[in-house]
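Below, chain A is the first sequence line, B the second, and so on; all start at residue 1.
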Amino acid sequence: MSASPAYSEEKGGSSSLGEPEYGHDPASGGIFSSDYKRHDDLKEMLDSNKDSLKLEAMKRIVAMIARGKNASDLFPAVVKNVACKNIEVKKLVYVYLVRYAEEQQDLALLSISTFQRGLKDPNQLIRASALRVLSSIRVPIIVPIMMLAIKEAASDMSPYVRKTAAHAIPKLYSLDSDQKDQLIEVIEKLLADKTTLVAGSVVMAFEEVCPERIDLIHKNYRKLCNLLIDVEEWGQVVIINMLTRYARTQFLSPNQNESLLEENPEKAFYGSDEEDSKDDKPDAASLVKRKPYVMDPDHRLLLRNTKPLLQSRNAAVVMAVAQLYFHLAPKAEVGVIAKALVRLLRSHSEVQWVVLQNVATMSIKRRGMFEPYLKSFYIRSTDPTQIKILKLEVLTNLANETNISTILREFQTYIRSMDKDFVAATIQAIGRCATNIGKVRDTCLNGLVQLLSNRDELVVAESVVVIKKLLQMQPSQHSEIIKHMAKLTDNIQVPMARASILWLIGEYCEHVPKIAPDVLRKMSKSFTGEEDIVKLQVINLAAKLYLTNSKQSKLLTQYVLNLAKYDQNYDIRDRARFIRQLIVPTEKSGALNKYAKKLFLAQKPAPILESSFKDRDHFQLGSLSHLLNAKAVGYQELPDWPDEAPDPSVRNVEVPEWTKCTSREKRKEKVEKPFYSDSEGESGPTESADSDPESVSESESESSSSSSESGSDSGSRGEESGDQSEEEEEEKKKKKKGKEGPRKVCPESAGRYHRHWRGEGAGSATSWELRNTSRDMGGLQPISPCLFLIDSFTSPALERRDQLITSQPQHVPTAFLPPSAQMLSPVFSTMKTYELLHRMAGEGLSVEYYFNRQPFPPDPHMVAVQIQFSNNTESEVKNLRVSEPKLVSGMRIQEFQEIGKAGLGWNDGALKVSTHSRQFYVSIQPPVGELMAPVFMSENEFKKEQSKLTGMSEITEKLTLLDKCQSDHTIVQRVTAAANVSRVPCGADNEYRFAAKTVTSGSLILITLEQKEAARAHLTVNSEKMVIGTMLVQDISQALAQ
Amino acid sequence: MIHSLFLINSSGDIFLEKHWKSVVSRSVCDYFFEAQERATEAENVPPVIPTPHHYLLNVYRHKIFFVAVIQTEVPPLFVIEFLHRVVDTFQDYFGVCSEVVIKDNVVVVYEVLEEMLDNGFPLATESNILKELIKPPTILRTVVNTITGSTNVGDQLPTGQLSVVPWRRTGVKYTNNEAYFDVIEEIDAIIDKSGSTITAEIQGVIDACVKLTGMPDLTLSFMNPRLLDDVSFHPCVRFKRWESERILSFIPPDGNFRLLSYHVSAQNLVAIPVYVKQNISFRDSSSLGRFEITVGPKQTMGKTVEGVMVTSQMPKGVLNMSLTPSQGMHTFDPVTKLLSWDVGKINPQKLPNLKGTMSLQAGTSKPDENPTINLQFKIQQLAISGLKVNRLDMYGEKYKPFKGIKYMTKAGKFQVRT
């Protein structure tokens, strides 16, 4: 250690350590002496056509990363090579990408399409590796893509790909925890997987994402138990730990009959002793006979199937099984783990260290278990100190009346060790043995007294401290020892030891009446130079002597108290003041004076020397938290046994019924969080499906500010009271306009309000007024259709950014069009409504949006979004407002200020709707299909453009058209519904063509659908925006598949 | 799980870092350095170091600290075992695991690490699979690579990862089919001053080197399987078969692997093959001490004891030693106070002996403890427990393999207290 600073100085200090050695490294060449120009070399090499040059460059770059040098400025040059044919270059690029993608999110998106293509590869290993890298790129914007990829991979044919999908789940979760519900769905699906390859990984994902969803395990419990032995070792560890927790919640304690014994540790200890001796023949039958308790067969299954794993070569697996047995097995069976744990002690010292800590904890609870292996814990002089101390701990725990003599003999050897820390620990251990086992107390004490003449001060000091504790148990017989110790005050400098001696003399001053005052005299001389802890004991001694022997010590005491009065430490000043008042009789001194003697010289209970490992077993053994004796982040508490066993039948597997019910449940959850799903798909069970057309008509009929009054009368409330009731209002129905809400009132009569907007020039400050004061009772809902414009990116330089927007849609409302404009898009504008805020979540306020496919005059690079607010409560919603619009870079908002009394705001990717009382975060998620505008072109133009957009820009997918989807009309309708495109005339009648432009950058998107025989079809999308293309293909094929 | 890995050499340089999740700044290692300073000796650095936001788990091997950074609860043995597996893999790849080798092969190291963990969770830790994914560098391959520009990355895909025997690579071909098994037993013992045994145990392993074509299925049986008290297996061994018939049945991985490690039950008396006679005395007043050790064979079952090596940590007060060995070489390091004596073979007719004086620091009193003597030795062709392999059979392939079994006994942690 000490060599290192000198070393770096020698080499010129400032550069990071170790650099010079790299200079010798032939593989990395001279790169490390590099300045930034050197990177230009690398860039050139990366741009070259030769794979060998690229490879060389990549190797150097990876070497830089390995050393922790920043290579991020090479990102653009490197990422270009992501599609390189050479497999090693590719791998190294992946390494680079995973390392730096987080820092260079925009550029990283360039690589996405490569992986997306990889996901479709016929080779499972390529699919898996594509998914692995894709999910390792920590770029929040691709969350939806990752989600899709994971979902798809989770139902892949190949178990290896499914395993990779399981691995990807925690990655996505850590990137965006909002995806939890969807991820749980995937986990549930993968948990049902029957292959060993997947099991470990998915349980890992389970533990990271939703460890609380223990219900997901029920149906898979038996399968997991049975697969366990064939799962790879790392997976075994995770599964066993999880099953331990599971079993604790589902089964009854197998030791419940002994729990009474456990109250009394002594008894429990002897009890387990007997049982352990029988543990070679642990048969459940005999247990059952003895006790009314019957072990759940599933519980037995777990114990039986984990036992062979004690034979694993992997220490972590052995430890996992050991803790499972310790926490779950009947006492009589726990013994089997001892042998395996002792075996681990042969392993590396780090393994020993961990195992010994666990053994220390176990050996307190189950002493008998390790007794046969006592000798395995004997200490060798070559053991590292930390191992020695742990072994000592175990030996002490194992000591009992029969083996104490052997152990003490062993300790005698240890005391002569050269390792003084270890000697100190040994003395402590002897003290503990002496307190625990009465019959050796005197022997130990004598041994310790001998140590007082040891030459090493630390040893003496430690002995003093331990002797003090032992003497407290039987002080009267040991005045000789106390005298001996009094002499030591001249020599011993260790504060703790001095303090201990002083305390002893003070406490037993009556046994040593001659010596005590003399000690006080000496101490008062050196008082000012002592440590605080010693000073306090000097004061104590003085006080006690004053009370017992005031003749000799009165003046000394006064002197000490005076010294203490002006001490720097306030504790000492306080103590002096307090004691003076207490012991020195004055006229003012209170009633306590009389009792001073009782206070100071009360009989004190002897201290109990305890293991520091006592009670550590409330942490799950083998866990990090147990090791640290503190809860680590993410530690899952080991639950207590339940009093009553939960229904064991939940583990019975009846596949069909189960899938049915859960999927229903899931689907419901999904509804809450629409994910590019269309409204049909997400409709809840009670949903009423009117609305879309109406919302349009509403907006047309705008201006009707008065209709609300007519709307309803029944028991109308005042605005104010309504405000309050708004929050109470809870309706158990699903979304949509909320129009269906009032069962009794017809839509028209329900007061419906249109927020009125004026599009102003640039649309910058468009104001709405909510002219409605919804008083109407039954009816509620002021509905305000309005249009927002989504602003995508205007800067052509930022081309990649708009891929970004497509994948994570957070768009910004900008302004509103005149209502008349809505009429312009007669056919397609009313397709789908997306929910922004459910009225349950919004406490009565629901917000929906749809894309009306209108051009937005103020800025052609924006997409119009129509947002509709409905109030489902009886009361007025006030102060709707946009607040804190935080935008992802490259996005624009055109501000609108007030929405009458409602408002909107968005946050990063999420829209925030706030009313006067609440704020809601919501997000708009436009499907890619909406981010484009139709283009009209001729067939020839189409072909010309298409020929320009081949290769990477072309995405093809095969699909099967359903029967109902065969006709021209339906196909065209479905495609145009899925995306805002226009049809291009086409010569062949089995081919359909569509064209559009992205709103943002105006890049062309060409769609070709070619019908083949037997309902098969080819869908081709040509676009330079690969991400848009891919997603569009997905959307369209989905639309056609329905 | 495992967030990052830092490799730190003995002088405190971080010479390699790898992150499997978001980058953790290397400044986190400062906590490690602190702990290292406190521990004074490398082996006393606590394997788990909590820091405000992370936990550092480290293993120390080959003078390198492998420090893993984790953030959340994870079984510590899981990480430690994995780190040891990493070291084993490096050793397997490069022959040795040292700072220089790792730096020279930094790219391969990085590629291997990348494959071993995915998002901090072990992905491929079987060396058979890893070697298929990333070929270990050999001299020949390095030369060929520089000329042709080909790579270390395997171009075939590791189908083994998908198979039911994930530890064996597929398409193995050899012209000479051979299978060698080494039964190696180590004696751990503590012998006290008077020469009586305080504790003695035998730990054994069977290391295999199997080079067989195709997918052979092997069974190995013992003459006296009852000797084996506690065993742990390579994952390839079929546990059920062992439980019921005490036969090892397995499809072996390709190449070198540890088939089995076992513990011979403590009930059996352990034969101690050597004895040490020592006479070490310090005198209180004088600054000289006498030192004499003689090593002799005890229960060797008629075999020669070779490779004998005696080491002893002398007390601090010893300044120097002037000794004459009857055979072999000896050294004494006055700084670390470590005496080592390379004895070689023990000739029962003429017992090796080391004799001389120690010069002690003047003025100090005699040390409390006499030094402990650590002993190493080897006995070829003998398994001290008496374990014998009965036969090895192969199924599943047609050819006749060449089979070989070798026995050896070694000293494990063999200590003599004086």
Side-chain angles (χ1 to χ4, degrees), chain A residues 1 3-4 7 17-18 25 27 51-52 59 62-63 66 68 87-88 91 95 102 125 132 138 160 167 170-171 204 234 237 308 311-316 319 339 343 346 348-351 353-354 375 378 380-382 384-386 413 416-418 455 622-625 627-628 632-635, chain B residues 11-13 15-17 19 22 26 36-37 43-44 46-48 50 55 59 71-78 80-81 84 103-104 106-107 110-111 114 118-119 121-122 149 151-153 155 157 161-162 190 198-199 203 230-235 239 263 315 365 368-369 372 374 413 415 417:
Chain A
M1 259 311 341
S4 98
Y7 174 75
L17 299 172
D25 177 6
D51 278 354
S52 57
K59 281 186 171 172
V62 167
I87 189 158
E88 187 166 21
K91 280 210 166 169
V95 169
E102 213 172 0
L125 290 155
R132 191 177 154 209
R138 291 169 293 275
Y160 187 64
H167 276 269
K171 299 185 203 169
M204 180 67 224
W234 310 106
V237 178
Q311 253 66 57
S312 170
R313 62 166 173 172
N314 187 319
M319 190 66 232
K339 202 187 274 180
R343 185 183 71 231
R346 282 277 299 171
H348 302 283
S349 85
E350 295 86 4
V351 176
W353 188 76
V354 178
K375 287 190 172 175
Y378 279 8
R380 291 157 208 276
S381 62
T382 41
T385 310
Q386 48 184 353
T413 331
R416 292 188 291 132
S417 163
M418 280 175 258
R455 251 170 282 114
S623 69
L624 184 61
S625 305
L627 207 65
L628 300 169
V633 181
Y635 172 72
Chain B
S11 56
D13 303 334
F15 65 94
L16 187 115
E17 63 179 66
H19 307 274
S22 299
R26 55 164 64 191
Q36 195 188 16
E37 225 156 281
E43 54 183 11
N44 272 326
V48 178
Y55 304 95
V59 305
Q71 255 182 339
T72 51
E73 170 67 50
V74 56
L77 270 186
F78 186 96
I80 287 169
E81 181 77 25
H84 281 300
K103 281 178 171 175
D104 285 351
V106 69
V107 175
Y110 226 68
E111 284 167 341
E114 181 76 25
D118 182 14
N119 195 37
F121 190 76
T151 69
N152 281 332
V153 172
D155 34 9
L157 293 153
Q161 219 162 348
L162 311 169
I190 303 178
I198 293 178
T199 152
Q203 310 274 352
D230 181 38
V231 282
S232 77
F233 300 117
H234 189 276
F239 185 75
H263 178 261
S365 44
D368 294 331
E369 190 193 26
T372 319
N374 294 302
K413 296 171 181 168
Q415 277 192 356
R417 291 177 179 165

Heavy atoms only, distances under 4.5 angstrom: which of A632(A), S349(A), P384(A) has the most pairs with chain B? Name it, please. P384(A)
Counting heavy-atom pairs under 4.5 Å with chain B, the top scorer among H167(A), R132(A), M204(A) is R132(A)
Winner by heavy-atom pair count (cut-off under 4.5 Å) against chain A, out of I190(B), N44(B), N119(B): N44(B)
Taking the side chain as every heavy atom from C-beta outward, state whether Q311(A) and D230(B) have any pair of such atoms under 4.5 Å apart. yes
Would you call S232(B) and R343(A) a side-chain contact if the rule is heavy atoms closer than 4.5 Å? yes
Cut-off 4.5 Å, heavy atoms of chain B, and the answer for W353(A) is side chain
For V633(A) and Y55(B), which heavy atoms make the closest approach, and how far apart are they? N-OH, 3.4 Å
Under 3.5 Å, is there a donor-acceptor pair between the E102(A) and S22(B) side chains? yes
Taking the side chain as every heavy atom from C-beta outward, state whether K171(A) and D118(B) have any pair of such atoms under 4.5 Å apart. yes
With only heavy atoms counted, which part of N374(B) is less than 4.5 Å from chain A, the side chain, the backbone, both or neither? side chain
Chain A heavy atoms under 4.5 Å from Y110(B): which part of the residue, side chain, backbone, both or neither? side chain
Contact origin within R380(A) toward chain B - heavy atom pairs under 4.5 Å: both
Classify the ring geometry between H348(A) and H84(B) as parallel (under 30°), tilted (30 to 60°) or perpendicular (over 60°). parallel
Is there a side-chain contact between T382(A) and Q415(B), using heavy atoms and a 4.5 Å cut-off? yes
Contact origin within F239(B) toward chain A - heavy atom pairs under 4.5 Å: side chain
Of L628(A), L627(A), V351(A), which is the lone residue that meets side-chain contact (heavy atoms from CB on, under 4.5 Å) with P76(B)? L627(A)
Backbone N or O of N314(A) within a donor-acceptor pair of the E81(B) side chain at under 3.5 Å? no
Honestly, the part of S312(A) sitting under 4.5 Å from a heavy atom of chain B is backbone
Is there a donor-acceptor pair under 3.5 Å between the side chain of E73(B) and the backbone N or O of S623(A)? no
